[in-house]
There are 2 protein chains.
Amino acid sequence: MARIAGVSLGTASNVLNNPEVVAGPTRRRVQEAIAKTGFVRSTAAHQLRVGRSLTVGVVLLDLANPFFGEMVRGAEGVLRDKGYVLMVCSSDESVDQERRYLRALEEHRVDGLLITPVERDLKGLVALSARGVPTVLLDRDPGGLGLCSVTVDDVRGGELAAGHLLELGHRRVGFVNGPLSIRQCADRRTGAKRAFRWAGLRPEDGLVEVTVPALTVDHGEEAVRELLAKKPRLTAVMCANDLLALGVLRGLAGAGVAVPGDMALVGYDDVAFASMLSPPLSSVRQPKYELGASAATLLLEEASEGAHEHRSVRFEPELVVRASTGSALRTVAGSRYRKARAGARPQSTGAVEGT
Amino acid sequence: MARIAGVSLGTASNVLNNPEVVAGPTRRRVQEAIAKTGFVRSTAAHQLRVGRSLTVGVVLLDLANPFFGEMVRGAEGVLRDKGYVLMVCSSDESVDQERRYLRALEEHRVDGLLITPVERDLKGLVALSARGVPTVLLDRDPGGLGLCSVTVDDVRGGELAAGHLLELGHRRVGFVNGPLSIRQCADRRTGAKRAFRWAGLRPEDGLVEVTVPALTVDHGEEAVRELLAKKPRLTAVMCANDLLALGVLRGLAGAGVAVPGDMALVGYDDVAFASMLSPPLSSVRQPKYELGASAATLLLEEASEGAHEHRSVRFEPELVVRASTGSALRTVAGSRYRKARAGARPQSTGAVEGT
DNA sequence: GTGAAAGCGCTAACAT
DNA sequence: ATGTTAGCGCTTTCAC
């Protein structure tokens, strides 16, 4: 023990926590002893005294999913500088597993919790928060309950995708969407319709929906037959996610339909391989890293402030334009949409990436 | 506190840890009190007494990389049932960051450590292990030092890829590889050559190497010109990873070369989108989940056994055959390779996935 | 079967 | 400026 090697005891603690209060020579002596004995302080004992575990719990659906991986990196980026270590848990979309982990994290007395909850009922989390564990919801609306949250505006995302196609002059747009019971799917649909209305068009006329049971490549590919059968013929397709878009892309290739020549295509999520497809896929990106980083920041706020005002941060998705949507279909019509949109709101924050 | 609500103190502890030693009625009374007061035991205090933190540290290069994400899931799968929670840390390939995290994890008294070390010198980890923290290396050879490890046989992987093409009858095979300073690249190359020798062929004649500075899509695409210029003409190409393969695929498409008709193509890693390409890409898969799971198992062994024998587990990569390598070029020649290979070792554990 | 008491490693208040 | 002491919440003898 550093104490035996040195000469004091409680002073050693000061060397670690209030170095300035210890006299130079003493301090050095203690530090030497620490180095020599290979002393490493115990967080557990520290926690028992001080009440902070220097630990933050993160519960998400599946760490193997790059979406969550990147989000965690965002949180880690801000939290590690504050000396926190992350306890990361995959609930696997199981309410039971989630409960077990929440229990374990509470036993560990995490100083905060970031969670994408699978349980519909949030009252357990509200209670946890009331018990003094700062809690931030990830990609989930707190629905008026007293919780912080960080979400992405999926309505806006749907609007961006549809709006982009409208700007390019498309007036007959297919929309391959998943079940509306998934909140994200419903929201993106709402956004797409809104884009049509902004353009002075009726969604019922121009937005042709094809609903598939799951957001997979295969379902996307199957949807192509239906898309091509529509009359009058579609000139563009938007999809509820990139996997569907990839399937559509493959289906179109099989049918000899050129993208973007005969059909423009835009996905959603901007997954890693979207930029690698042929042609590279235009898509709507979610700020995954920022999502995590901002959640962590909210957490720190809630942990430091005495009386805390719960806050909800909503991120704007970002349109990433690539080759799959090509250039304007008819210049004149394109400008019409742009004009209708102008002045309504800050212009779309679309980023353009090389082909 | 449960104690006040109930009637005893140290007995409450027994209700939690040795329920059978407590009389029925008493036990029930305590449990009620626990439920009513919302008591949650403190791991920290527990740890202070018992010495176990119920925590395992995981240090990897980047959690946003799906390779690591999946590996962590493997570890989580076996560890969570034992009541452990994972402290996951991304070193970002920074030696400094790695050291900081290792320090923090040791302060937390993790019961074990899984790490993909960035620091070349492993003596810090050996010391840590000697100090009583069971440590398992992930995807890194312990080089004779006393540490457990879990790795994947990249030589074998290279052999699988090349062997597959040889079995199909290809005799002029391009190999787009990264810098040999990367251990994985060097190993895969060694394996590819070995496959040629097994087939009774000289690698110098049949294996045509193209080295690129980095394993990216763009470098793959650029390599195509060089590949197509080779005489006599190549009939197949293998790549050191899937990104390169994707680039090659794109380049070939641009040059009007059909895959697999005019050129067979096999990648490495079997990333998520390999199966989604057109045509779906044959590749060599690393058992990511199993890597993590097996590392965790090793950790548990090391933690439980008194005198521990350090073990190294080496995984066999797995050939995933998809459409990009098509069918045999010339049946006769194909069988020649197969015959040479037979009996040499347990046959390749290749899995076949739908087109 | 249950209670009482010591102590894990640390920090903060107090005494010197 | 340094040493002394109490106690964080728990487990674990050891009496009863």
Side-chain angles (χ1 to χ4, degrees), chain A residues 1-55 83-85 103-111 131-133, chain B residues 1-55 83-85 103-111 131-133:
Chain A
M1 197 58 51
R3 296 83 199 277
I4 299 177
V7 267
S8 45
L9 179 149
T11 307
S13 176
N14 279 329
V15 176
L16 293 174
N17 305 300
N18 309 62
E20 70 282 359
V21 91
V22 181
T26 323
R27 196 191 328 156
R28 242 158 292 146
R29 206 144 29 90
V30 175
Q31 281 164 340
E32 273 172 36
I34 287 180
K36 189 161 57 195
T37 59
F39 169 84
V40 179
R41 67 116 80 58
S42 156
T43 312
H46 174 96
Q47 168 184 355
L48 212 52
R49 240 355 296 237
V50 182
R52 299 194 313 141
S53 64
L54 302 179
T55 271
Y84 290 105
V85 172
R103 176 52 171 262
L105 292 178
E106 198 174 358
E107 294 188 344
H108 277 286
R109 299 288 191 273
V110 289
D111 294 332
R131 253 174 277 143
V133 183
Chain B
M1 198 58 55
R3 295 83 197 274
I4 299 177
V7 265
S8 45
L9 179 149
T11 307
S13 176
N14 280 329
V15 175
L16 293 175
N17 305 299
N18 309 64
E20 70 282 1
V21 91
V22 182
T26 322
R27 193 188 332 151
R28 242 157 293 146
R29 206 144 29 90
V30 175
Q31 281 165 338
E32 273 172 35
I34 288 180
K36 189 161 55 195
T37 61
F39 169 83
V40 179
R41 67 118 81 52
S42 157
T43 313
H46 174 98
Q47 168 185 355
L48 211 54
R49 264 308 338 214
V50 184
R52 300 193 312 142
S53 65
L54 303 178
T55 271
Y84 290 105
V85 172
R103 176 52 170 263
L105 292 178
E106 197 175 359
E107 294 187 344
H108 278 286
R109 300 286 191 274
V110 289
D111 294 332
R131 252 174 277 143
V133 183

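When reading the values below, keep in mind they use all heavy atoms of this one structure, side chains included, and skip hydrogens, waters and symmetry mates. Throughout, a chain's letter reflects where its sequence line sits, starting with A, and its residues are numbered from 1. What you see is a predicted model, and the numbers here were worked out from it, not measured in a lab.
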Between [options], which nucleotide gets closest to the side-chain atoms of [X]?
{"X": "Leu9(A)", "options": "dG7(D), dT5(D), dT2(D)", "value": "dT5(D)"}
{"X": "Ala45(A)", "options": "dG9(C), dT2(D), dT11(D)", "value": "dG9(C)"}
{"X": "His46(B)", "options": "dG1(C), dC10(C), dT11(D)", "value": "dT11(D)"}

Any chance you could lay out the side-chain contact (heavy atoms from CB on, under 4.5 Å) test for Val22(B) and Gln31(B), step after step, and finish with the verdict? CA-CA 11 Å; Val22(B) 182; Gln31(B) 281 165 338; over 6 Å; no
Taking Thr43(B) for its side chain and Glu107(A) for its backbone only, find out whether a donor-acceptor pair lies under 3.5 Å.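 Pair found, side chain donor or acceptor close to backbone of Glu107(A).
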Quick one: does Arg109(A)'s side chain have a donor or acceptor within less than 3.5 Å of a partner on Glu106(A)'s backbone?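 Yes, because the side chain of Arg109(A) sits within donor-acceptor range (under 3.5 Å) of the backbone of Glu106(A).
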To the nearest Å, give me how far apart [atom1] ([X]) and [atom2] ([N]) are.
{"X": "Gln47(A)", "N": "dG9(C)", "atom1": "CD", "atom2": "C1'", "answer": "12 Å"}
{"X": "Glu20(A)", "N": "dT2(D)", "atom1": "CD", "atom2": "P", "answer": "13 Å"}
{"X": "Phe39(B)", "N": "dG9(D)", "atom1": "CZ", "atom2": "P", "answer": "10 Å"}
{"X": "Leu48(B)", "N": "dC10(C)", "atom1": "CG", "atom2": "P", "answer": "8 Å"}
{"X": "Leu16(A)", "N": "dT2(D)", "atom1": "CG", "atom2": "C1'", "answer": "16 Å"}
{"X": "His108(B)", "N": "dC8(C)", "atom1": "NE2", "atom2": "P", "answer": "22 Å"}
{"X": "Arg28(A)", "N": "dA1(D)", "atom1": "CZ", "atom2": "P", "answer": "14 Å"}
{"X": "Glu107(A)", "N": "dG9(D)", "atom1": "CD", "atom2": "C1'", "answer": "13 Å"}

When you match Arg49(B) and Asn17(A) each to their closest nucleotide on DNA chain C, which lands nearer the 5' end?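 Nearer the 5' end of the strand: Arg49(B).
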First encountered from the 5' end of DNA chain C, between Ala23(B) and Ala44(A):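 Comparing both residues, the 5'-ward one is Ala23(B).
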For a quick check of understanding: with a heavy-atom distance under 4.0 Å over all strands, which category does Asn14(A) fall into, base, sugar-phosphate or nothing?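 Since no nucleic acid heavy atom lies under 4.0 Å of Asn14(A), the category is nothing.
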For [N], does OP1 or OP2 lie under 4.0 Å from any side-chain N or O of [X]?
{"X": "Ser13(B)", "N": "dT11(D)", "answer": "yes"}
{"X": "Thr26(A)", "N": "dT2(D)", "answer": "yes"}
{"X": "Arg41(A)", "N": "dT11(C)", "answer": "yes"}

Taking CZ in Arg52(B) as the centre, count heavy atoms belonging to other residues, nucleotides or ligands within less than 6.0 Å. Is the count above 12?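 No, because the 6.0 Å sphere around CZ of Arg52(B) holds 12 heavy atoms or fewer from other groups.
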side-chain contact (heavy atoms from CB on, under 4.5 Å) evaluation trace for Leu48(A) with Leu48(B): CA-CA 9 Å; Leu48(A) 212 52; Leu48(B) 211 54; 3.3 Å; yes
